[in-house]
J.: 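Submitted below is the structure of interest, expressed as structure tokens.
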Amino acid sequence: MAQRTVLFVLFDGMQSLDVTGPLEVFAGAEQHTPGTYRLRTASLDGAPVRTSSGLTVVPDETLARAEAPHTLLVPGGQGTRRPDVRLTDWLREHGPRAERLVSVCTGAIRLAEAGLLDGRRVTTHWAYSDKLARDHPAVEVDPDPIYVRDGQVSTSAGVTSGIDLALALVEEDLGRDTALAIARHLVVFLRRPGNQAQFSAQLAAQTARREPLREVQHWITEHPADDLSVENLAARARLSPRHFARAFQTETGMTPGRYVDRVRLEHARRLLEDTSDGIEEISRACGYGTPEGMRRAFVKALGTAPSEYRRRFHPTPAH
């Protein structure tokens, strides 16, 4: 297999982990399979850059002298809030030449400014997804997944999701066994799929201010197999169903039904990933009742059936 050059674009105010996380993944792949990747870093003038955390990074070269890469990676960070015309122009000219165009976090904003995301489905850090969609209406922004791959363009959400995306790219290049070996070395999960939400159900919803509603949130999480109808949950909170539903959505940002759906799906995914329990047993444990009910929920939310999800993301035992 021909060696692939991976070029990391550096600029002042970038998030250091957006670079070093994927860099460690590709470096691990090169150590595992020598001759696979050639890793390069470059800034506009070749001068050291200062990250948002104050870390100084010395690039290998200037962008003007960098060879056309196989994979071009653009990080995010506070520096993306200050558009740099020269960097935008460079990306506009050189981005289309890369076989793979990758962004981490708000690096998607840099790519969008260069017109490289028009007509693409992309993601970015949840806090900036609305801004990206508003400023670039030709871009289809999906704020939920941890990463999205659309043709030659791959975009990821905040910080650590860049590691997930890099592992997916290495798995594409070198196979699952290599990617799994790197994930184990870095002590991270290989099995986080791109369509996994940026937040768990508990993080996606705000914590209710009132104690009875907070108790209901905890109850749902701990008892996904119970009857979690609005009527039963309202009785637990000592409120009428109508008052409960309205108060729950106001204080958590989502309806009780949506919160229950997320908790059940998250619980089912964990059981599929971490246990060898059967599909029927898991469907009952998560409140779906039947395997068909769980299958419908998985297909609707993730676009895949539970059995296929387990096949892809259940870890292979270490030898």
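Residue indices begin at 1 and follow the sequence shown.
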J.: Do side-chain atoms of R264 reach the backbone of C286 as a donor and acceptor pair under 3.5 angstrom?
T.: yes
J.: Indicate yes or no for a side-chain donor-acceptor contact from R310 to the backbone of L272 under 3.5 Å, with no hydrogens or angles considered.
T.: yes
J.: H70 and R100: side chain to side chain contact (heavy atoms under 4.5 Å, CB included), yes or no, with the steps?
T.: CA-CA 6 Å; H70 173 276; R100 284 196 304 224; 3.6 Å; yes
J.: Distance-only, no hydrogens or angles: does the H125 side chain make a donor-acceptor pair with backbone N or O of A127 under 3.5 Å?
T.: yes
J.: Please say whether more than 12 non-hydrogen atoms of neighbouring residues, nucleotides or ligands are located less than 6.0 Å from CZ in R214.
T.: yes
J.: So with a 6.0 Å cut-off around NE2 of H185, is the heavy-atom count from everything else above 12?
T.: no
J.: State whether E61 and R40 are salt-bridged, where the test is any N-O pair (Lys NZ or Arg NE/NH1/NH2 against Asp/Glu carboxylate O) under 4.0 Å.
T.: yes
J.: Assess the residue pair Y37 and L174 against the criterion (side chain to side chain contact (heavy atoms under 4.5 Å, CB included)); give the C-alpha distance rounded to whole Å, side-chain angles, the decisive distance to 0.1 Å, and a yes or no.
T.: CA-CA 11 Å; Y37 296 108; L174 303 177; 4.1 Å; yes
J.: With a 4.5 Å heavy-atom cut-off, do D84 and F11 have their side chains touching?
T.: no
J.: Got a second to check how far D177's CG is from E171's CD, nearest 0.5 Å?
T.: 9.0 Å
J.: Are any of the side-chain heavy atoms of T51 and L17 separated by less than 4.5 Å?
T.: no
J.: Does the pair E67 and T5 meet the rule for a side chain to side chain donor-acceptor pair (under 3.5 Å), with working shown?
T.: CA-CA 9 Å; E67 66 177 64; T5 298; 3.1 Å; yes
J.: Give me the atom names and distance for the closest heavy-atom approach of P48 to P59.
T.: CA-CD, 3.8 Å
J.: Looking at R92 and D89, is any side-chain nitrogen of the basic one under 4.0 Å from a carboxylate oxygen of the acidic one?
T.: yes
J.: Main chain of A166, side chain of Y147: is a donor-acceptor contact present, judged purely on distance under 3.5 Å?
T.: no
J.: Can you find a heavy atom in the side chain of L233 that is under 4.5 Å from one in the side chain of I220?
T.: yes
J.: Tell me whether K131 is salt-bridged to D135, with the criterion being a basic N under 4.0 Å from an acidic carboxylate O.
T.: yes
J.: Could you pull out the closest heavy-atom pair between I279 and P306, with the gap in Å?
T.: CD1-CB, 4.1 Å
J.: Between F8 and V57, is the side chain to side chain contact (heavy atoms under 4.5 Å, CB included) condition met? List the steps.
T.: CA-CA 12 Å; F8 296 81; V57 180; over 6 Å; no
J.: Which pair of heavy atoms, one from L265 and one from A297, lies closest together, and at what distance?
T.: CD1-O, 4.4 Å
J.: If every non-hydrogen atom of A237 is compared with every non-hydrogen atom of F244, which pair is closest and at what distance?
T.: CB-CD1, 3.9 Å
J.: Do the side chains of E172 and R149 get close enough for a salt bridge, i.e. N-O under 4.0 angstrom?
T.: yes
J.: Would you call R262 and E266 a salt bridge, taking side-chain N to carboxylate O under 4.0 Å as the test?
T.: no
J.: Taking the side chain as everything from C-beta on, heavy atoms only, tell me whether L73 gets closer than 4.5 Å to L7.
T.: no
J.: Quick one: closest heavy-atom pair of E99 and Q152, and the distance?
T.: O-CB, 3.4 Å
J.: If the condition is salt bridge (Lys or Arg N to Asp or Glu O under 4.0 Å), which residues does R50 pass it with, not counting sequence neighbours?
T.: none
J.: Please report the interatomic distance CZ(R38) to CD(E30), rounded to the nearest 0.5 Å.
T.: 11.0 Å
J.: Okay, side chain of T33, backbone of T36: is any donor-acceptor separation there less than 3.5 Å?
T.: no
J.: Once rounded to the nearest 0.5 Å, what's the spacing between atom OG of S154 and atom CG of L169?
T.: 5.5 Å
J.: So how far is it from Y288 OH to D261 CG, rounded to the nearest 0.5 Å?
T.: 7.0 Å
J.: Search all heavy atoms of A98 against all heavy atoms of L72 and return the closest pair with its distance.
T.: CB-CB, 3.9 Å
J.: Give, for atom CG of L87 and atom OG of S43, the distance between the pair rounded to the nearest 0.5 Å.
T.: 10.0 Å
J.: Can you find a heavy atom in the side chain of E140 that is under 4.5 Å from one in the side chain of R120?
T.: no
J.: Using atom types as modelled and distance alone, determine if a side-chain donor or acceptor of D150 lies under 3.5 Å from a backbone N or O of V153.
T.: no
J.: Treat each ILVMFWY residue as a node, draw an edge where side-chain heavy atoms are under 4.5 Å apart, and state whether L39 and L55 are in one component.
T.: yes
J.: Going by heavy atoms in the side chains, are F298 and R269 under 4.5 Å from each other?
T.: yes
J.: Keeping the roles fixed (side chain from E251, backbone from L213), state whether a donor-acceptor pair exists under 3.5 Å.
T.: no
J.: Is there a side-chain contact between D226 and W219 (heavy atoms, below 4.5 Å)?
T.: yes
J.: Give a yes or no answer on whether the side chain of S52 reaches the backbone of Q78 with a donor-acceptor pair at less than 3.5 Å.
T.: no
J.: Using modelled atom types and a 3.5 Å cut-off, is there a donor and acceptor pairing between side-chain atoms of D45 and backbone atoms of A47?
T.: no
J.: I would like to know whether D173 and V170 meet side chain to side chain contact (heavy atoms under 4.5 Å, CB included); could you show each step before the answer?
T.: CA-CA 5 Å; D173 294 342; V170 167; 5.5 Å; no
J.: Any heavy-atom pair between the side chains of L116 and L91 that's under 4.5 Å?
T.: yes
J.: Which value, rounded to the nearest 0.5 Å, describes the distance between S283 atom OG and R295 atom CZ?
T.: 12.5 Å
J.: Does CZ belonging to R242 count more than 12 external heavy atoms closer than 6.0 Å?
T.: no
J.: Say whether, by atom type as modelled, one donor and one acceptor occur between the side chain of T155 and the main chain of T123 under 3.5 angstrom.
T.: yes
